[in-house]
Structure formats: structure tokens, C-alpha cells
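Residue numbering restarts at 1 for every chain, and letters A, B, ... go by the order of the sequence lines.
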Protein chains: 4
Amino acid sequence: MSPRRRDAEGTAVARAGRRAELLATAAEVFASQGYSATTVRQVADAAGILGGSLYYHFDSKESMADEILSTFLDDMWAAYDRVLDAGLSARDTLEAVVVESFRSIDKHRPAVVLYQNESKHLATSERFRYLLDSQRRFEEMWLSLLDRGVEEGAFRADLDRTLIYRFIRDTVWVAANWYQHGGRLSADDIAKQYLAMFLEGIRAS
Amino acid sequence: MSPRRRDAEGTAVARAGRRAELLATAAEVFASQGYSATTVRQVADAAGILGGSLYYHFDSKESMADEILSTFLDDMWAAYDRVLDAGLSARDTLEAVVVESFRSIDKHRPAVVLYQNESKHLATSERFRYLLDSQRRFEEMWLSLLDRGVEEGAFRADLDRTLIYRFIRDTVWVAANWYQHGGRLSADDIAKQYLAMFLEGIRAS
Amino acid sequence: MSPRRRDAEGTAVARAGRRAELLATAAEVFASQGYSATTVRQVADAAGILGGSLYYHFDSKESMADEILSTFLDDMWAAYDRVLDAGLSARDTLEAVVVESFRSIDKHRPAVVLYQNESKHLATSERFRYLLDSQRRFEEMWLSLLDRGVEEGAFRADLDRTLIYRFIRDTVWVAANWYQHGGRLSADDIAKQYLAMFLEGIRAS
Amino acid sequence: MSPRRRDAEGTAVARAGRRAELLATAAEVFASQGYSATTVRQVADAAGILGGSLYYHFDSKESMADEILSTFLDDMWAAYDRVLDAGLSARDTLEAVVVESFRSIDKHRPAVVLYQNESKHLATSERFRYLLDSQRRFEEMWLSLLDRGVEEGAFRADLDRTLIYRFIRDTVWVAANWYQHGGRLSADDIAKQYLAMFLEGIRAS
DNA sequence: GATGAATGAGTATTCATTCAT
DNA sequence: CATGAATGAATACTCATTCAT
């Protein structure tokens, strides 16, 4: 590898690093103030630059949201796909999916919050159609998983499966609003306890 | 009742009715688009009047949100207080509180969505301090209820009580995002099935 | 005079009285807040009625200003004309004109303030052309009076006559801003002392 | 001085220059149309930019008025203080103060007009409290100056000192409404003739 | 890479005015 | 005479975006 080559790569890496840095900042601000209520200037302030300077890195405010959300979703689906391809039982799959979900929250917390709060609003634009696609795939995955669990005799059959799906989905993902990396309970701790509740309930046996 | 008396009352009632009508419209639009992303003009359009005309009835966009939220919270706490004063066991109280929560969602769906999505953002303003107060009281109520349930031998003691609180709170209230009055499942139906999951889990016994 | 006639007259008089009352209120508010900064609603509030109700009495905000100003100017010029037609010396005329000016201020204080502060602004509209006419006539009257005074040997000839005119005009009329009917000094008292200063100056002789 | 240093200073100076330029334009428009009757767009038009662009430089319309007025008052008081600290007789002080007043009018004409016409209105806001403070200090200065003049045997004692104060104050400052820099009479010319009238009156001796 | 200044479309809000009751 | 509700144009102000330097 020639020095020149290495240099160019170094620059590219640095540039990508700066980009990621700015996106992390933007995600944080979007998550805490809401996407619509956040001004580009606030993002820039948080990044220590002036408003206009963001446009050297990104086309628009929307494209920041786009990149934040698609990065998170790609990463999440990669993890889900690893689980789904592992040939586990329905019950073990459910556990693994929930664990992976909390790991996603741990890794992409602001992006998850953004997704939760703004995806309905953003999805009206063509550019964010993939949000709906992801949601649809997500629902199909869960419903078939729950069906399989009933077939395998692992899950109760007396409950509305759509309701169970929403129950689990909501509970898990909304946790991004209060989860804190490095807090008292790790993402895996929370996953474990949530799974206990999903599976056993809170009643003293 | 003299005709004059009836007339005056009729006018007052009509006025209050118009106000409530406009607030219901505003809540609907705020809930579906997000408070910040909603323009006053959109609210007015939905109400069939012009943007400026809203200001005959309300001081500001903020005061609409204020009235929507405080009406909902007052109503919800009245229902909660009736339950809490009834002298029920922890388990029965939990059931009743969850049922009342879904009834609140049924009655104030857009207000609940608004509360969910915007209260963090709005609460930065002094005017909305009561949102934080309500939240704090809500948490205290739940934590002491869960403690009492453990003492009464009704609930498991091996789980983090704060986690249980958040688990239930999130699951119940986020349901406002998809709940539809007059849908396949009534609010009471959903409450019943959610309670089954909270208490027993989804595992086949 | 038939009862019917008296009645109609009574009504007409009452109506004119109400009109004058409202105009007095409006003038007061215009004077204290400025015409542009005053809303029709503020005038109505001060009159104890609702904003829209003013339009039963007046065509527009502008027409209120119009009536206030023209009433004042008509009255002032009537007084001036009486003085000017009396065949007095220049010096006695000057004294009488200043006295009449302060009497106008006493009688029409808010109108004078309105005239002072807004006539330049209002006079851009065709409807208020008479303000400019009045001003022009006023200036001519003063300049010829001052000239006559010099000819009669009553006034100094070493000063710029336009400057003297502005000096006196400004000093007299601006007093409307602080003059209070029923205050420590009557309009005639102030006129007397102002005349002493105009004519003799403040130097100890 | 390094080139870099000079460059940075050049930019800072340019920025301050642009600000001052815009303020001068705004003052001109405010003075000619009245503050309330002037729209931000009119100011921007006069400056050759768009309405919104003004907000890059100033927080609000009010803050423009603030800066215009405080700049004028600071400058005026600096001049007054130089005079008051010079240890002159009451009569000479009066002359010097009047001269400085006309120089202020010459230098800050639109600001003075703004001050005259809008200070009562603006001073209702906390932000403009300094207008009242200045007025109060102004009155105190004049009253004690007039008192001293009487003690020194320079001024007549038979006139109401508050009336004299208002007489002079009004006459001098209202002149800003018609004074034109570069007109037939310079500020010093006018001051001289006004002083002649104040001190000697217009009567032929 | 970043800045400073501007754009221009949009946003909440105001307000003179209208009009059926 | 007065009210209550609305209109619609204007207003101060915001903000995503652009671009020469």
C-alpha cells in the first residue's frame, strides 16, 4: 500500500468518522427534543459548529434523520437475521430476539427514540418508505413466531396473537425512552427480567 | 326556569360546546402529526375555519395543548382516585387501575398520545409543570401498589419493582397509539388480555 | 314642540352624546398609547363594549381619528378667527393667540396629542389632507403676525422669523403632552408665564 | 501587528459597521413613520435586504429600538457630563447644555425623534426602564441648574421653575422633528438663536 | 471544513372589520 | 345597540438552506 493510498484512506476514514460523530450528535438532539422541534442550528451548536456548516456534510436535515434511522435498522435486522437463521425453537427465538432488541437499544438509543416518535410522521415521505417496510416485516416475523410457539406448545393459545405482538413490541421498544447505557441495570439484565414477565407474568406462583 | 334563564344557559353551553369541539379537533391533529409538526392552520382547516379564527377561542397553540392535557389528566386522576379509595387488595387494585387506564385511552385517545409524545418536550415550560407532578404521583402510586402486592403475597418478589412499574406503564399507555374506539377489541377486552399477560405471562402452563 | 318631535330630538341628542362620549374615550386611548399602537379592542374595552360594537357608531378606526381631529381643528380655528378679526396690535394678537392655544389644549388635550404625534403619519392619506391645509394656514398666520410685529416695532428684527415661529409653535403645542386639566397651573396661568418667557426671556433684568 | 491580526480586526470592524448601518437605516424609518407603524419589512426594504435577514443581526424589532435609543442616550450624557464637570456658571452651563443638545440632535436626529415620540410607549416594558431613569436624571439636572441660576442672580425668580424646565426641554428636543443636517441653519446657529430667545425673549428692547 | 450573511417560504399571532343574531 | 364568531390580510419572527469567501 503506497503512502499516498494510505493517506487517502486515512482522510476518508477521518471523514467518515466526522460524519458518524455529527450523526451521533444529531441523533442525541433529535431524540431529546423531537425531530420537528429541533432546529438545524441546535444540532450544529451541539456539534460546536455553525448551522450552515452542517451542509458541507449533509444534504438536509431529513437526510440526517434518514442516515440515523437506516443505520440503526440495518444493524438491527442483521442481528435479527442471525437469530432467525439459527434454527432455534420458538421460545428460544423469542428470547434471543428480545435480547437482541435490548442490545439494539443499548447501541442505538437515540435512533430508536427517533424511530419510535417520528417514524409515523416521516413515513409519509417517499424517502422513508423503508420504515414502513421494516415495520411490516417486523410484524410478520413476530406473528409467525408467536404462531409457531403455539404450535410447538410453548405459548398460550387463548390470547389474541396481534395483541401479544403489540404488547411485546411496545414494551420493549418504548424502553429506549428511559434506558441509560451504564445504568444500574444492563441491557441484558433488563431483557432477562422483561422475558421473565412476558413468559411467567408477575403473579406469585 | 324562565325562558331568559334557559336562553343564557343555552348560549353558555353552546360556547363551551364549541370550545370542546375545537379542542377535540386539535387533539386529533396533534396526535396524528405531532404537536410541533402541526401548524395552527392545519388545526383550523380540520375545524373548517381560518387560522386566525382559532385565536378568538384560544390564546395560543400552547394553550390548546394545555387544555387538552389538563382535561385528560384531571379525568384520569378522578378515576384513579375512585379506585384507590375503594379499599381493594393490591391485586384487585392493579386490575382496576389497568382497566381505568384503558378506559381513559378509550375516552381521551388523542390526548394520551399527545401526552406520551410531547410531555417531555412541553414540560420544559413552567406552564406545563403539572405534567411532571402528575408523572411523579403516578410513579409513587405504582411503586407503593407493587410493594403492597409483594407484602400481600400476590406478586413475585424476585423482580426489580421499578422495572415492573415501567413495564406496565409503558405497555398500557403506548397502546393509545394504535387503539381505535369501536375496533375489534374493546378497551375492556384489551385490559383483560393485558392483565392476563401481566399476571400469568404468555407461557403455556 | 310636539312630544314626538321632542322624542326624536331626544334620541338624536342622546345618540350624538354617545358618539361624543365614545370619541372622547377613543381620543384618550389614542393619546396615551399612540394611534397605531392602539387596537380597536382597547378603545372598546375602555368604553365598556365589545370591539365589533364600535362599528355601529363609526365606519373605521380612521374615521374616529378623523372626527377627533377635525372637531378639534374646527374649534381651534374658530377661536383663532375671532382673535384675528378683532383688529388688535401684533403683540396683543400674539398674546391672544397663545392664550387661545392653551385653552384649546385644555379643552381638547387628547386630540392635540394625537395631532402632534400622528398628523405627519396620517396626512399621507387623502382623507386627512385638511391636516396639511391647517398646518399651512397656521404657518402663514404666524409668519405674517411676526412680520407685522417687527413692522410695528414690537418684536426684534435680528432673529430668523421661521425659527421664532417654530420656537413658539413647538413650545406651546407640545405642552399638551404633560398638561393636566385641573392641575396646579391653569391653562391661562401657563399661557401667561410662557408669554412672559417668549417676550422677555428668563434672564434677570 | 501581524496580517492575521489585522484581518480579524477588519472583520470585526466590518461586522460592527454593518450593524451600525442597519441601525441607522432603522432609526430613519422609525423616525419618519413611527415605531409602531413601521413594519420590519419596511426597515429591511430600506436596507436592501429581506425582512427575515434582519434577524441575523438583531433579536427583534424591539432590540433595534433599544440599541438606537441607548446609543443616543449614552452619547448625549457623555457630552452633558463633560459640560457639568467643567465648573461653569449656571448661565454658561445652560448655554453649553443647549448647544450640546442641538449637537446631539444633529448627530442622532432620528434617534431623538424616536425618543420623543415613543419613549412613553416603550417605557412600559422593563427593558426600557433606562428611558425613565434618563428622564428623571434629566429633570433633576435642569431643575438644579435653574435653581443655581436664580441663586447666582442670573435668572428671573418670578417664574415657575418646573415650567421653565419644560419650556426649554420641549422647545429644544422637539426641534429634532424639523431639523435637517446641512440645512440653512446649522445646529450651532439654531442653538444660538434659541438661547437668545430663552434669555432675552423676542420683544424689541 | 468552516464562516457569515443572506434568502424565502413558512409559522404563530394580531387586528381591523363584518355580520347574523 | 350590542354580542359572538368569524374573516383575511398583515405582522413579527423562525428556520432550513445557500453560497461567496
Would you kindly give the CG-to-P distance between L50(A) and dA20(F), to the nearest whole Å?
-> 18 Å

Could you tell me the separation between the CG atom of D59(A) and the P atom of dA16(F), rounded to a whole number of Å?
-> 15 Å

Secondary structure string for DNA chain F (Watson-Crick or G-U under 3.5 angstrom, | for other-strand pairs) | .||||||||||||||||||||

Counting only side-chain N and O atoms of R18(B), is one of them less than 4.0 Å from OP1 or OP2 of dA6(F)?
-> yes

Reckon H57(B) has a side-chain N or O less than 4.0 Å from the OP1 or OP2 of dG4(F)?
-> no

Mind checking T38(D) for me? I need base, sugar-phosphate or nothing, with any heavy atom below 4.0 Å counting as a touch.
-> sugar-phosphate

Y56(C) side-chain N/O to dA2(F) phosphate OP1/OP2 under 4.0 Å = no

For the residue pair D74(A) and Y130(A), confirm or rule out a side-chain donor-acceptor distance under 3.5 Å.
-> no

Mind listing the closest non-hydrogen atom pair of K61(A) and S36(A) along with its distance?
-> NZ-O, 3.9 Å

Rounded to whole angstroms, how far apart are OH on Y55(C) and C1' on dA2(F)?
-> 15 Å

Take the protein atom CZ of R41(B) and the nucleotide atom P of dT11(F), then report the distance between them rounded to whole Å.
-> 19 Å

Does atom CZ of R127(D) have more than 12 heavy-atom neighbours from other groups under 6.0 Å away?
-> yes

Kindly indicate whether the side chain of L73(B), heavy atoms from C-beta on, has any atom under 4.5 Å from the side chain of L131(B).
-> yes

Side-chain contact, heavy-atom cut-off 4.5 Å: L69(B) with L122(B)?
-> yes

When G51(B) and G51(D) are each assigned the nearest nucleotide of DNA chain E, the 5'-most assignment goes to G51(D)

Heavy-atom distance under 4.5 Å between the side chains of N177(A) and N117(A), does that happen here?
-> yes

Nearest-nucleotide pick for S60(A), side chain only, options being dT11(E), dT13(E), dT17(F) = dT17(F)

Hey, what's the ring geometry for F72(D) with H108(D), parallel, tilted or perpendicular (30° and 60° as the breaks)?
-> tilted

Which listed nucleotide (dT3(E), dT17(E), dA6(E)) is nearest to the side chain of S53(D)?
-> dA6(E)

Over how many whole Å does the gap from I49(B) atom CD1 to dT18(E) atom C1' extend?
-> 16 Å

note: E62(B), atom CD; dT11(E), atom P; distance rounded to Å ~ 18 Å

Separation of dT11(E) atom C1' from D45(B) atom CG, nearest Å, is 14 Å

Using the ring of each side chain (for Trp, its six-membered ring), is F30(D) parallel, tilted or perpendicular to Y35(D), with breaks at 30° and 60°?
-> perpendicular

C1' spacing across the pair dT21(F) / dG1(E), given as an integer number of angstrom = 13 Å

Between L54(C) and S36(D), whichever has its closest DNA chain F nucleotide further toward 5' is L54(C)

When the distance from CD of Q42(D) to P of dC13(F) is rounded to whole Å, what number comes out?
-> 14 Å

Closest to the 5' end of DNA chain F, once L22(B) and L22(C) are matched to their nearest nucleotides, is L22(C)

